[in-house]
2 protein chains.
Amino acid sequence: MASHSVAEQTRRALEVHLLDGSWPVGTRLPAERVLAETMGVSRNSVREAIFCLKDRGLLFSKHGSGVFVSDRLQTAISSPWRQLVAEHPDLRWDTLEFRRELEGATAYYAALRANASDLEKIEGIVKRLTAAYDTGEKEEEYRADADFHAAIAEASHNSMFLYLHSGIVRMLREHICLNLMAMEDPTGAVTGHLRQQHLGIWDAIRAQHPDEARQAMLAHIDFTWSELARREERRASQ
Amino acid sequence: MASHSVAEQTRRALEVHLLDGSWPVGTRLPAERVLAETMGVSRNSVREAIFCLKDRGLLFSKHGSGVFVSDRLQTAISSPWRQLVAEHPDLRWDTLEFRRELEGATAYYAALRANASDLEKIEGIVKRLTAAYDTGEKEEEYRADADFHAAIAEASHNSMFLYLHSGIVRMLREHICLNLMAMEDPTGAVTGHLRQQHLGIWDAIRAQHPDEARQAMLAHIDFTWSELARREERRASQ
DNA sequence: AGCGGAAATTGGTAGTACCAATTATTTTTT
DNA sequence: AAAAAATAATTGGTACTACCAATTTCCGCT
């Protein structure tokens with residue numbers, strides 16, 4: 001007794017992909033014909049579902065190209081906020097403070113709920129990260145660092161954490177020079193600390209120790225900020 | 001140069017009928033096949049348009065009978081996120097989980113940064129709350145409870161916490177019977193616990209003990225949820 | 001290596017056919 | 001004649017095919 005129409009079930013199935021992170025913003029959906037076959041429904045039903053999500057602004061389609069995931073969900077949450085942050089620099093600190101809480105929570109729940117696939121993904125990123133530390137490729141280090149935090153948010157298996165996280169990170173990228181850190185580290189001491197912190201977070205998650213993971217993440221964020229603040233200070237005084 | 005798809009134009013045409021009064025509430029729309037012919041489009045497009053309006057709650061269809069104009073006013077100008085929360089029960093849990101973290105943080109920072117004015121305001125609300133407990137005015141108790149949490153969010157002196165807090169609370173109010181709790185408490189035991197918890201949070205904030213405040217708030221939220229869950233469970237089994 | 005055009009892919013629309021639920025109509029029964 | 005049952009017609013739900021238009025991919029040519 002499904003009681004829900006096929007088109008409706010199809011819509012929900014698509015929504016799940018939008019929510020659980022398997023189709024991030026910008027993803028091109030499989031072709032309608034493919035979706036219809038893989039989901040075992042007619043292309044009509046797929047189109048009805050897609051049309052509805054397009055109407056909500058969650059998807060948009062380009063004729064001849066494909067259907068894509070819009071960023072509306074993120075902007076819906078962070079858009080009014082973004083304007084305020086742009087105009088009131090004081091709010092930047094509030095944002096950072098919120099991000100601290102958010103990342104602590106994602107680490108906690110990632111340690112609590114990460115499945116084998118999540119762990120595998122994170123482990124791969126950790127390997128990229130350590131490799132980048134070793135070779136000193138700052139660009140790759142920065143990318144892997146961002147991926148690391150995103151993968152943890154995904155592994156927390158909480159859609160709200162996930163969307164707020166990506167929204168916040170994107171916003172911070174606009175207003176703050178996030179890769180400032182990776183640039184200036186003559187002695188390599190900072191890099192060493194970062195490596196240790198990331199591995200600590202990873203160990204806690206892999207060992208499924210939620211409280212440990214949260215503490216490790218909070219310590220990491222605090223360290224990052226203090227380093228960023230030191231650099232900004234030095235830059236301002238020059 | 002239509003620039004809009006046929007299905008979209010069809011949807012707008014249907015919307016016009018809903019808005020200009022030619023199809024009042026309860027009206028049975030012409031059959032899909034008829035609409036398709038009179039509007040000069042395929043039945044597919046008509047169905048896509050109708051499906052979208054059904055999703056918004058403006059129409060509903062009875063298999064074999066027809067499509068009807070819903071009486072639900074189009075207050076459904078809701079954000080995509082809200083729409084998703086309404087339909088995906090899992091998301092409700094995600095939201096609650098997020099709220100838990102958020103309220104814990106607001107309590108923490110309120111204890112850290114509340115000024116004299118904040119404390120005075122919270123104290124006034126606490127007095128209202130205890131008075132409501134004593135007299136048993138459930139309505140006033142519910143209002144004061146909400147004000148209490150809002151005042152703490154305000155006292156955290158973080159605009160982002162405040163912004164998200166009010167948004168989350170508003171959303172939860174729509175999808176969850178928040179005042180369910182205040183209704184059923186024959187022995188008064190629950191009210192007793194709530195009073196104690198609120199006072200505990202208040203004491204920690206007043207004493208400027210951030211960690212204590214966070215723990216007290218988390219315990220309070222957890223208690224509230226378990227009570228809500230118990231009631232929903234009991235209601236479902238009946 | 002760069003360019004251009006053919007071919008494959010993809011969303012957009014239309015049309016047909018059939019199923020399932022409802023309603024209207026006719027027939028049968030009492 | 002009225003009620004009940006069977007039947008036909010209507011309507012939404014789903015599937016499939018076909019074709020168009022925009023885009024991308026890829027191959028051959030220069």
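Here is the naming used below: chain letters follow the sequence lines, and residue numbers restart at 1 for every chain. Keep in mind the model is a prediction, meaning the values are calculated, not measured.
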Looking at [X], does any N or O in its side chain come under 4.0 Å of the phosphate oxygens OP1/OP2 on [N]?
X	N	answer
A/S61	C/dG12	yes
A/S42	D/dA15	yes
B/R28	D/dT11	yes
A/R47	C/dG12	yes

Between [N] ([atom2]) and [X] ([atom1]): distance, integer Å:
X	N	atom1	atom2	result
A/L59	C/dG11	CG	P	11 Å
A/E32	D/dC19	CD	C1'	15 Å
A/K62	D/dA22	NZ	P	16 Å
B/E48	C/dG12	CD	P	8 Å
B/F60	D/dG13	CZ	P	12 Å

Is A/R33 side chain donor-acceptor paired with the C/dG11 base, going by distance under 3.5 Å alone?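 When only heavy-atom distances are counted, A/R33 does reach the base of C/dG11 through a donor-acceptor pair under 3.5 Å.
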
Is a donor-acceptor pair below 3.5 Å formed from side chain B/N44 to base C/dG15, judging by atom type as modelled?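 Indeed there is one.
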
Could you work out, with side chain to side chain donor-acceptor pair (under 3.5 Å) as the rule, every residue matching A/H63, not counting sequence neighbours?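 A/H63 satisfies side chain to side chain donor-acceptor pair (under 3.5 Å) with no other residue.
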
Candidates [options] - which lies nearest the side chain of [X]:
X	options	answer
A/S45	D/dT14, D/dA21, D/dT11	D/dT14
B/S5	D/dG13, C/dG12, D/dC16	C/dG12
B/A7	C/dG12, C/dA14, C/dT13	C/dT13

Surrounding NE2 of A/H193 (heavy atoms of other residues, nucleotides or ligands, distance under 6.0 Å), is the total greater than 12?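 No.
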
I would like to know whether B/F51 and A/F51 meet ring-ring contact (aromatic ring centres under 6.0 Å, His included); could you show each step before the answer? CA-CA 8 Å; B/F51 187 80; A/F51 187 79; 9.1 Å; no

What heavy-atom pair brings A/L119 and A/A114 nearest, and what distance separates the two atoms?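 Residues A/L119 and A/A114, closest heavy atoms: CD2-CB, 3.9 Å.
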
